[in-house]
There are 4 protein chains.
Amino acid sequence: MGAGRLEAFSDAVMAVIMTLLAFELAAPDGPTREAIYASLSSLFLYVLCFVFIAIYWNNHHQLLRVTDRISGAVMWANMTLLFSLSLIPVATEWVGNAYQEDFDPGPAVAFLGIVFLAAAISFTWLARALLRANGPDSQLARALQHSLKEPVSIGLYTLGVVTAIALNTSSSHVGVYVSYACYATVSIIWLIPDRRLTRHDEHGEHAR
Amino acid sequence: MGAGRLEAFSDAVMAVIMTLLAFELAAPDGPTREAIYASLSSLFLYVLCFVFIAIYWNNHHQLLRVTDRISGAVMWANMTLLFSLSLIPVATEWVGNAYQEDFDPGPAVAFLGIVFLAAAISFTWLARALLRANGPDSQLARALQHSLKEPVSIGLYTLGVVTAIALNTSSSHVGVYVSYACYATVSIIWLIPDRRLTRHDEHGEHAR
Amino acid sequence: MGAGRLEAFSDAVMAVIMTLLAFELAAPDGPTREAIYASLSSLFLYVLCFVFIAIYWNNHHQLLRVTDRISGAVMWANMTLLFSLSLIPVATEWVGNAYQEDFDPGPAVAFLGIVFLAAAISFTWLARALLRANGPDSQLARALQHSLKEPVSIGLYTLGVVTAIALNTSSSHVGVYVSYACYATVSIIWLIPDRRLTRHDEHGEHAR
Amino acid sequence: MGAGRLEAFSDAVMAVIMTLLAFELAAPDGPTREAIYASLSSLFLYVLCFVFIAIYWNNHHQLLRVTDRISGAVMWANMTLLFSLSLIPVATEWVGNAYQEDFDPGPAVAFLGIVFLAAAISFTWLARALLRANGPDSQLARALQHSLKEPVSIGLYTLGVVTAIALNTSSSHVGVYVSYACYATVSIIWLIPDRRLTRHDEHGEHAR
């Protein structure tokens, strides 16, 4: 029952963020192909963010599943993670504004990357705080050794942010597409099941 | 406790979708009969979607109640189901736009059907993933044999999508009404209690 | 664990309705007394609806606390209750529109009463369905005997609806104030702790 | 299982309030520095309110963790707390309106302080009600002795409200900044871990 309420609260926040992102989607303003195309770019952005939050939910779940005790630091690391995730709707709204009102999407896409980066760093902090609360001999400690995903993600998000801002000077949108590619690549990396936390129970309950 | 957090997260997402659908309802813009009639069509659409989500909640509940273990595939099948359901508000908004701004509702009603279809397919995938995780001798495996509801639903949704798009060429709204009839028929089929998952405990806790 | 998921889902729906009602409140449009007064009527309506939902949450909690088993009928009675509650935001929006755009609030206040009535009837249905599922010798059965609150509530809500509609012919707002008084009276009746469900554990956990 | 549903409901309400606050944030209306600066003040307000609610969630969690039984008074004290918290979005919207439409933010900032004050008083009431329900010998009773944080918080919030209103006569915004400083100071006081409720389990699960 230790981490139960922390999980329940995080679940509720992530569920509401996901649903509000979908709610923010603007319905096409007509039955024509053009109206539908205009809505498709926001749908693509929604898919990207949905997958992003789904991965965090999954990793959060796997992390807390092998946790015996939590601390004040865990509570605040978790709140920072939720705060970062809660900024996703305003970031996507900014990106959407850029396409709708036809201004440079660079800063908005960079901000989206900063939000993703903040979430990644908070998650790393959460894992460390859980590790400190549970001790070096815990099941969690063994599971968290030797991971490359976190540094690679943080590197790719940083690259995406830099590219989106560097584009600001030019008039082409190449930088923004490179940023999207960086963000999407991180999601793909994480969609590959995380062996670290599932290795210890080989026959059965992967990712439970 | 295995599937507990998956259930809690799904509950939260479905609850928020339901409530946002109700929140989206436009209140009548006056005390007259005409103002009330203008709001009634969106109320009808809300009832249709509320019942749709209530049925999914119920089936989801029945499915996970007899589940012992979950897997990564179960997690992603469930996320796909939630993603499909999260598109219902934007679909109903599109349909509402069509009636309010008086453009052809065909593509919007077809999109609603595609969303319903995606949810139905995800649910079938979820059931299969749970079956694979729990083995052919599980209580779930016995319960899921010989079901006709899934293929009939998928057929009716497909028919509804095709009808709504075929209408696109004509100027009458007959195709859209046929689509509504298809979607409503599927809901009625599912409102009949699902014997498969309740058969094993005859005296008492049906649908628990 | 029987009714656990039903409770969790109902909690989430009621929590989101409450919060959306507060979110719907229009902030004053200036620092003046007039701007604040204009917002006060919607605040009053919010308090009325918040208390209404809080009472339902409390009664729902007390009812399910003494429940051993649930059925399909319980599930659908509960969904009908949640559907009724989910219409509160659109009803208050209609009432708010009436005051803001200065049209006759009669039909809107009557609709609010119909929503309250629908919730009251669903709750009675829910209690009956739970009784049927738990048998005449259950703790619940003894607790539910001889209650006057339900019929009195249903009577007062009906009176409120009739008064709000009867006002429609006159140009004064007296009928609407009588309706508000009826709705508020029901809430006051329910704020008096429900002895029926707490009688059986005298020393300690009332209303738990 | 006693306080379980009370916790679950409170979690859901607090999670939705937090997420709606973030949803309310207006995205910058362009890629320029000015557009970003215009959004920064609402982001600052969001951070203040997020931390405020996070502290309440944490304290609520610590309080109910050492609770054995709840009562009707506890239920209503908790509802009053949730009601107070639910007014935060409309208060921040009013403050935001003041900056956007350039009117005196004094009354709005005072209202925000009144909402914070109402939450603080409700929380004190909740703690007292829990104490009465659990008896003078309970773990909770020992934990709640000799606290200075509550009276200091209530004093600082009152000071903030008075300062924001006193500013109303002058044309400078000094009073409002003093109010913000008061509100932020209370948050900082509470960010220091609450020793009272964690003292009894020294080796391990602080703040759990």
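So that the names make sense, note that chain A is the first sequence line, chain B the second, and so on, each numbered from 1.
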In Å and rounded to the nearest 0.5 Å, what is the [atom1] to [atom2] distance from [X] to [Y]?
X: B/Phe50; Y: C/Thr80; atom1: CZ; atom2: OG1; result: 7.5 Å
X: B/Thr32; Y: C/Asp104; atom1: OG1; atom2: CG; result: 10.5 Å
X: C/Trp94; Y: B/Ile36; atom1: CH2; atom2: CD1; result: 3.5 Å
X: C/Phe9; Y: B/Met18; atom1: CZ; atom2: CE; result: 4.0 Å
X: B/Ile55; Y: C/Met79; atom1: CD1; atom2: CE; result: 10.0 Å
X: C/Leu82; Y: B/Trp57; atom1: CG; atom2: CH2; result: 9.0 Å

Are there more than 12 heavy atoms of other residues, nucleotides or ligands under 6.0 Å from atom OH of B/Tyr177? no
Any non-hydrogen side-chain atom of C/Leu87 less than 4.5 Å from a side-chain atom of B/Leu25? yes
Would you say the side chain of B/Leu20 lies within less than 4.5 Å of the side chain of C/Val16, judging by non-hydrogen atoms? no
Which atom pair, heavy atoms only, marks the closest approach of [X] to [Y]?
X: B/Ala22; Y: C/Ser86; result: CB-O, 3.2 Å
X: C/Arg5; Y: B/His60; result: NH2-ND1, 2.9 Å
X: C/Phe83; Y: B/Val47; result: CZ-CG2, 3.6 Å
X: B/Asn58; Y: C/Trp76; result: ND2-NE1, 4.0 Å

Chain C contact via B/Leu21 - which portion, at a heavy-atom distance below 4.5 Å: neither
Please look at B/Ala8 and chain C and tell me whether the side chain, the backbone, both or neither of the residue comes under 4.5 angstrom of a heavy atom of that chain. neither
Engaged part of C/Glu93 at the chain B interface, taking heavy atoms whose separation is under 4.5 Å: both
Do you know which of B/Ser10, B/Ser39, B/Gly30, B/Ala26 has the most heavy-atom pairs with chain C at a distance under 4.5 angstrom? B/Gly30
Between B/Ala15, B/Ala27, B/Pro28, B/Ala54, which residue shows the highest count of heavy-atom pairs closer than 4.5 Å to chain C? B/Pro28
